[in-house]
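Being a predicted model, the structure only gives us computed values, none of them experimental.
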Amino acid sequence: MSTTVSTRKPESTSSAAGRAGDSVFSGLSLAAGILIFVVLAAVALFLFLQALPTFTADPAKITGGEGFLAYIWPLIVGTLIASVIALVIATPVGILVALYISHYAPARVSRPVGYVIDLLAAIPSVIFGAWGATVLAPALVPLYTWLSEHLGFIPFFGGPASQTGKTMLTAGVVLAIMILPIITSMSREIFTQTPKLHEEAALALGATRWEMIRMSVLPFARPGIISSVMLALGRALGETMAVALVLSSGPMIPSLIKSGNQTIAAEIALNFPEAYQLRLSELIAAGLVLFLITLVVNMIARAIIARYKEFSGAN
């Protein structure tokens, strides 16, 4: 009579090993999360301490001689205007390109287009800035002249147009090209994750391809689209070299086709190497303001995503 020897490990040993692995992974995840908060708090504390002399200094000693608020306000306005222009241009284009790649283009076309989009994201920002300053800006001068002559009654297009093309609108176009890969790539990945059963059910009920996308794909991808737009906005808010090369520094102006204004990031990049003492504190204070703006934007984005998550087509 033969005997069979069981080589299977006891279930208790396997369960104990699994629980130990879960505990280790949970601890590592918790440590990573705490580390992010510690780094964020350290950055915020550093910026605040270094910027404190600016807040306590005599307003007459601040650049411009009218206090920190008068100095930083045009930079905030310029940062927001350039970022909004970039989002207005890049968001619809990016979403449409992503839809074309994911639902319309054949594989032999969608793959190369996807590679080009990914390659566009890898180009350094200084290249975009140099191209914008030397090629795009002069090419837009005739358009700015036309806008000034025919739509000058609108404040955004009022006044004599810039003859160099280095305007806030040019900076916004360059930023739009820079953030386009972010919106396109993230939206494309979200669109391809739409449950096929939802798409097939819509088509089986007689919906056209566009109706299927409107009823199935877009509701499912809405939180992801918002996330991609907010991530692109963060990139636009913090961009330095491209904006610094494209914009001509000057006073805050309401027109988008006149030279002037600047962004916070570009102001820091252009002046930080030569700054010292109070001027250095001013630039760090400007960085603190940009840090707070980015933080608020991300908090708003998370609130929007959490609000619409329940109505996603994935539920």
Side-chain angles (χ1 to χ4, degrees), residues 29-30 32-37 39-40 43-44 79-105 110 113-123 125 128 172-196 198-199 210 212-240 242 263-265 290-315:
S29 301
L30 178 61
I34 294 175
L35 179 61
I36 292 175
F37 281 105
V39 171
L40 188 65
V43 170
T79 301
L80 296 179
I81 289 177
S83 301
V84 169
I85 293 173
L87 284 186
V88 169
I89 297 174
T91 299
V93 175
I95 293 175
L96 290 175
V97 172
L99 283 174
Y100 175 75
I101 294 175
S102 61
H103 285 83
Y104 284 93
S110 63
V113 173
Y115 294 152
V116 171
I117 294 296
D118 295 337
L119 180 62
L120 192 63
I123 298 177
S125 60
F128 285 105
V173 173
V174 173
L175 286 178
I177 298 174
M178 293 181 62
I179 67 176
L180 182 63
I182 299 176
I183 299 176
T184 302
S185 298
M186 292 187 63
S187 298
R188 177 189 61 192
E189 295 301 322
I190 296 296
F191 292 156
T192 56
Q193 294 176 15
T194 304
K196 294 300 179 182
H198 292 193
E199 298 181 2
W210 163 242
M212 177 270 293
I213 291 174
R214 182 169 55 86
M215 293 185 297
S216 300
V217 178
L218 294 181
F220 174 83
R222 181 164 48 193
I225 293 174
I226 297 174
S227 298
S228 68
V229 171
M230 291 300 106
L231 183 61
L233 177 58
R235 170 72 187 277
L237 289 172
E239 182 51 45
T240 55
T263 65
I264 295 177
L290 181 60
F291 176 84
L292 295 175
I293 292 174
T294 306
L295 183 63
V296 170
V297 167
N298 281 276
M299 291 175 63
I300 294 174
R302 297 307 305 174
I304 295 174
I305 293 172
R307 178 179 180 181
Y308 286 103
K309 190 174 182 180
E310 298 178 358
F311 304 99
S312 172
N315 296 332

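- Every residue was checked against the side chain to side chain donor-acceptor pair (under 3.5 Å) condition with S102, not counting sequence neighbours, and none meets it.
- Taken from CH2 in W210 to CG in L218, the straight-line distance is 5.5 Å, to the nearest 0.5 Å.
- Using a 4.5 Å heavy-atom cutoff, the side chains of I183 and R235 are not in contact.
- In terms of heavy atoms, E239 sits closest to T263 at O-OG1, 4.4 Å.
- Contact annotation: the side chain of L87 approaches that of V229 to within less than 4.5 Å [non-hydrogen atoms, C-beta and beyond].
- Of all heavy-atom pairs between T184 and G94, the closest is OG1-CA, 3.3 Å.
- Taking the side chain as every heavy atom from C-beta outward, I95 and F191 approach each other to under 4.5 Å.
- Rounding to the nearest 0.5 angstrom, the gap separating the OG1 atom in T91 from the CG atom in L180 is 9.5 Å.
- Considering every non-hydrogen atom in both P181 and M178, the closest pair reads CD-O, 3.3 Å.
- Atom OG of S187 is separated from atom CD1 of I226 by 11.0 Å, given to the nearest 0.5 angstrom.
- Taking each heavy atom of I101 and S110 in turn, the nearest pair found is O-CB, 3.4 Å.
- Here the CG atom belonging to L231 is positioned 5.0 Å from the CD1 atom belonging to I182, to the nearest 0.5 angstrom.
- No donor-acceptor pair closer than 3.5 Å links the side chain of S83 to the backbone N or O of L80.
- Between atom CD1 of residue I179 and atom CG of residue L120 there is a gap of 11.5 Å, rounded to the nearest 0.5 Å.
- When every heavy atom of A265 is checked against every heavy atom of G238, the shortest pair comes out as CB-O, 3.7 Å.
- When side chains are defined from C-beta on, L99 counts as touching I213, because their heavy atoms get closer than 4.5 Å.
- Scanning both residues, A236 and L175, for their nearest heavy atoms gives O-CD1, 4.1 Å.
- Note that CG of L40 is 4.0 Å distant from CZ of F291, once rounded to the nearest 0.5 Å.
- Looking at I225 and I190, their side chains never come closer than 4.5 Å, going by heavy atoms from C-beta outward.
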